[in-house]
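All values below were derived from every heavy atom in this structure, side-chain atoms included, with hydrogens, water molecules and symmetry-related copies excluded. Proteins get letters first, then strands, A, B, ... in listed order; numbering begins at 1 in each.
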Amino acid sequence: MRWSQLFIPTLRDAPGDAEAASHKLLVRGGYIRQLQSGHYSLLPLGLRVHEKITSIIREEMNRIGGQEFLLPCMHPATVWRTSGRWDAMGDEMFRLVDRKGAEQALGMTHEEIFSTVFAEIGSYRALPQIWYQFQIKFRDEPRPKAGLLRVREFTMKDSYSFDVDEAGLDASFDAHQHAYVRIYERLGLDAVAVEASSGNMGGSDSVEFMVASPAGEDDIARCDGCGYAANIERATSTISDIADPPTADDAPVRFPTPGVRTIAQLAEMDGGAPADRQIKTLVMVLDGRLTLVLLRGDHNLVEQKLVDATGAIDVAPAEADAIHAALGAHPGSLGAVGVTDLDIIADPALRGRTAMTTGANEDDFHVGGVDVERDIAVGRWADLREVKAGEACPECGQPLLIERAIEVGHIFKLGRKYTEAFGITVLDENSEARVPIMGCYGIGVGRALAAVVETHHDEQGISWPVSVAPFHVVITVVKAEHRESMQMAERLADDLSHAGVEVVLDDRDARPGVKFADAELVGIPFRLTIGPNGVEAGELELVVRSTGEKRGVAPDQAVAALVELVDTHR
RNA sequence: CGGGACGUGGCGCAGCCAGGUAGCGCACCUGCUUUGGGAGCAGGGGGUCGGGAGUUCAAAUCUCCCCGUCCCGACCA
């Protein structure tokens, strides 16, 4: 391939609104262009990388017995109504109406469709099945961002396993977990598997694969000691007990706290209480129902934990008016003491605590001497607090680390939600009907691509791992008119191609600096420079993009040297 | 959806406050010189100033409405 004939529109400046490194570099390197928010065109170079990632995933899926499908991306509403998700998916699903007036959806995932296909299977003997596809998913994201990292239209490898029983599901799940580990290794991604919440897909065991990066949108808690790792939405820690003063026999004492609206203010006030001796009272609306959520004063709520604990679909902080109507006070003076007409859910860090301070449900007043279990009608205890860096690992006690990360994959056990909804059964060895159990597993290809860039770049540009690079080698001809250079370059490019190396010949009539800079920006792993000096001296320059290492090679050794480099890094 | 910022050739920006000829750098085309780290000179092409109303003799500039884009928070591969 000749660079002069390829469409590689490199840019000196990144678009002004790009922030993430991968976004800037993919645009500057001529890999992607934006059509609208959340929708990107993959240019030839971008597609090459995308295809390489796809191939790696495909190989690993096939290795665990996956069978590739290609399902429609437009679905009739009826299928989604059957699973109950036509409504549950809300605004995130793109919907349209065809000329006959039939409602349609653009698929955001394919449990329903695969289940429909699976319905044809009637025997346990056909199981297990692992089915997958690479398909464009459409999701009307509230906020697309960071180039390819979060978009509304993207290719996902989604797979689904069908087993007769839990043990079978465990095996399919493990197979996927191992496949994913291999996939990320081959992509050059240092992904950690973390415990996760399964979101609105429904399911139990849920593992996300996370790549540490400041461009990520998730926080994970990780332990270097034992390898514990969990999404912050799920992570727990061991916190030390706090020695409370002896319990007073009498009821809580109300005292004035004029102007005090925050935990911090109350902590500083004379006669106040340190944050860890306060009860934080949050008023949340769970599916329309006002609920008091109690945490230790110095702890933060993880809303996802509240969702997981209660099964609520819709969770949001209550509006100030609703709070005042229910409790008679404004945020800053709220408490749960004596409240009996609202659900109260509390974090276990409050369990057994005494002599605590909290709002009195009267503006500018708090109450002290609260014995949580004696004075508050807690309806339910559930882990709700956000883990903080430095707290003890729940497994081994070492301090936890908190890291920002990109979610590059998610696998989880779905259960029988869809097979039940679609009335799917298979006959077992006793001729009894059994409802198969499903697992569901996804990797966003474009996101993985962006994650590779996030973790493989420098000031000069991208530095692709050989496994996904758009080309393995660029031959840079220093001076395009120098006949001997060009002849040698063409010959070597040919030989490299025959040896299975993907090579692009930079034959552009440009100054060498431009070509060097472009090669580095685009991120091709190896560069062979051919110019008058080298041709005459009988020594060409070979540069390794990732390390900057330069070495001289004789022209007749160049092919062998490059083949070896490519093979050892592949 | 809440908060903030922005919209001027392909990309990066100035001009707007104080209304009057659309400008700069990069990129692009032609020619000459140049060519081992983003060349120089000369000539040239390309812009409904996001859209629509309004004010005005006159609007990129002022007013109103709409649209779009980005960033921070609630959602997910």
[X] [atom1] to [N] [atom2], straight-line distance once rounded to whole Å:
X	N	atom1	atom2	value
R12(A)	rC28(B)	CZ	P	10 Å
D13(A)	rC13(B)	CG	P	8 Å
L35(A)	rU69(B)	CG	P	9 Å
H50(A)	rA77(B)	NE2	P	16 Å
R447(A)	rC75(B)	CZ	C1'	11 Å
E481(A)	rU33(B)	CD	C1'	12 Å
D218(A)	rA77(B)	CG	P	10 Å
R28(A)	rA27(B)	CZ	C1'	13 Å

Where the side chain of [X] is concerned, which of [options] is the nearest nucleotide?
X	options	result
F516(A)	rG36(B), rC75(B), rU35(B)	rG36(B)
P15(A)	rC72(B), rC11(B), rU35(B)	rC11(B)
T529(A)	rC76(B), rA74(B), rG36(B)	rG36(B)
F412(A)	rC72(B), rA77(B), rG36(B)	rA77(B)
P512(A)	rA39(B), rA74(B), rU35(B)	rU35(B)
D17(A)	rC72(B), rC70(B), rG38(B)	rC70(B)
L11(A)	rA77(B), rU69(B), rC11(B)	rC11(B)
D509(A)	rU35(B), rC72(B), rU69(B)	rU35(B)
E520(A)	rG37(B), rU69(B), rU35(B)	rG37(B)
E217(A)	rC75(B), rA77(B), rC71(B)	rC75(B)

Quick one: look up who [N] pairs with, Watson-Crick or G-U, both distances under 3.5 Å, and put none if it's unpaired.
N	result
rC6(B)	rG68(B)
rA42(B)	rU30(B)
rU56(B)	none
rC24(B)	rG12(B)
rC1(B)	rG73(B)
rG19(B)	none
rC49(B)	none

In whole Å, what separates the [atom1] atom of [N] from that of [M]?
N	M	atom1	value
rA58(B)	rG50(B)	C1'	23 Å
rC13(B)	rU8(B)	C1'	10 Å
rG25(B)	rG36(B)	C1'	27 Å
rC62(B)	rG19(B)	P	9 Å
rA60(B)	rG3(B)	C1'	28 Å
rG23(B)	rC49(B)	C1'	12 Å
rC26(B)	rG38(B)	C1'	10 Å
rU63(B)	rC75(B)	C1'	38 Å

Exercise for review: Give the ring-plane orientation class for F69(A) versus F114(A), where under 30° counts as parallel, over 60° as perpendicular and anything between as tilted.
Suggested key: perpendicular

Give [X] one of three labels, base, sugar-phosphate or nothing, depending on what nucleic acid heavy atoms sit under 4.0 Å from its own.
X	answer
D158(A)	nothing
G409(A)	sugar-phosphate
E303(A)	sugar-phosphate
A146(A)	sugar-phosphate
V408(A)	sugar-phosphate
V151(A)	base
Q34(A)	sugar-phosphate
A14(A)	sugar-phosphate
R152(A)	nothing
K157(A)	nothing

Ion pair [X]/[Y], N-O distance below 4.0 Å:
X	Y	value
E141(A)	R150(A)	yes
R28(A)	D13(A)	no
R483(A)	E481(A)	no
E403(A)	R222(A)	yes
E153(A)	K137(A)	no
E59(A)	R186(A)	yes
D343(A)	R289(A)	yes

Phosphate oxygens OP1/OP2 of [N]: is one of them under 4.0 Å from a side-chain N or O of [X]?
X	N	result
K550(A)	rG36(B)	no
R511(A)	rA39(B)	yes
S37(A)	rG68(B)	no

Check your understanding: Can F154(A) be called stacked on rA77(B) when the rule is centres closer than 5.5 Å and an angle between planes below 30°?
Key -> yes

Check your understanding: For the base of rG37(B), is there a side-chain donor-acceptor partner from R527(A) under 3.5 Å away?
Key -> yes

Check your understanding: Would you say the base of rC75(B) and the side-chain of R150(A) have a donor-acceptor pair closer than 3.5 Å?
Key -> yes

Check your understanding: Any donor and acceptor pair, going by atom type alone, linking the side chain of H39(A) with main-chain N or O of L35(A) inside 3.5 Å?
Key -> no

Study note, to complete from the structure: Sorted by position of nearest nucleotide on RNA chain B, 5' first, the leading residue of E233(A) and H23(A) is H23(A)

Revision key, fill the gap. Heavy-atom nearest nucleotide on RNA chain B taken for G534(A) and for G147(A); more 5' hit belongs to G534(A)

Practice item. Take I530(A) and T476(A) through the test side-chain contact (heavy atoms from CB on, under 4.5 Å) and record every step on the way to the result. Key: CA-CA 6 Å; I530(A) 301 181; T476(A) 303; over 6 Å; no

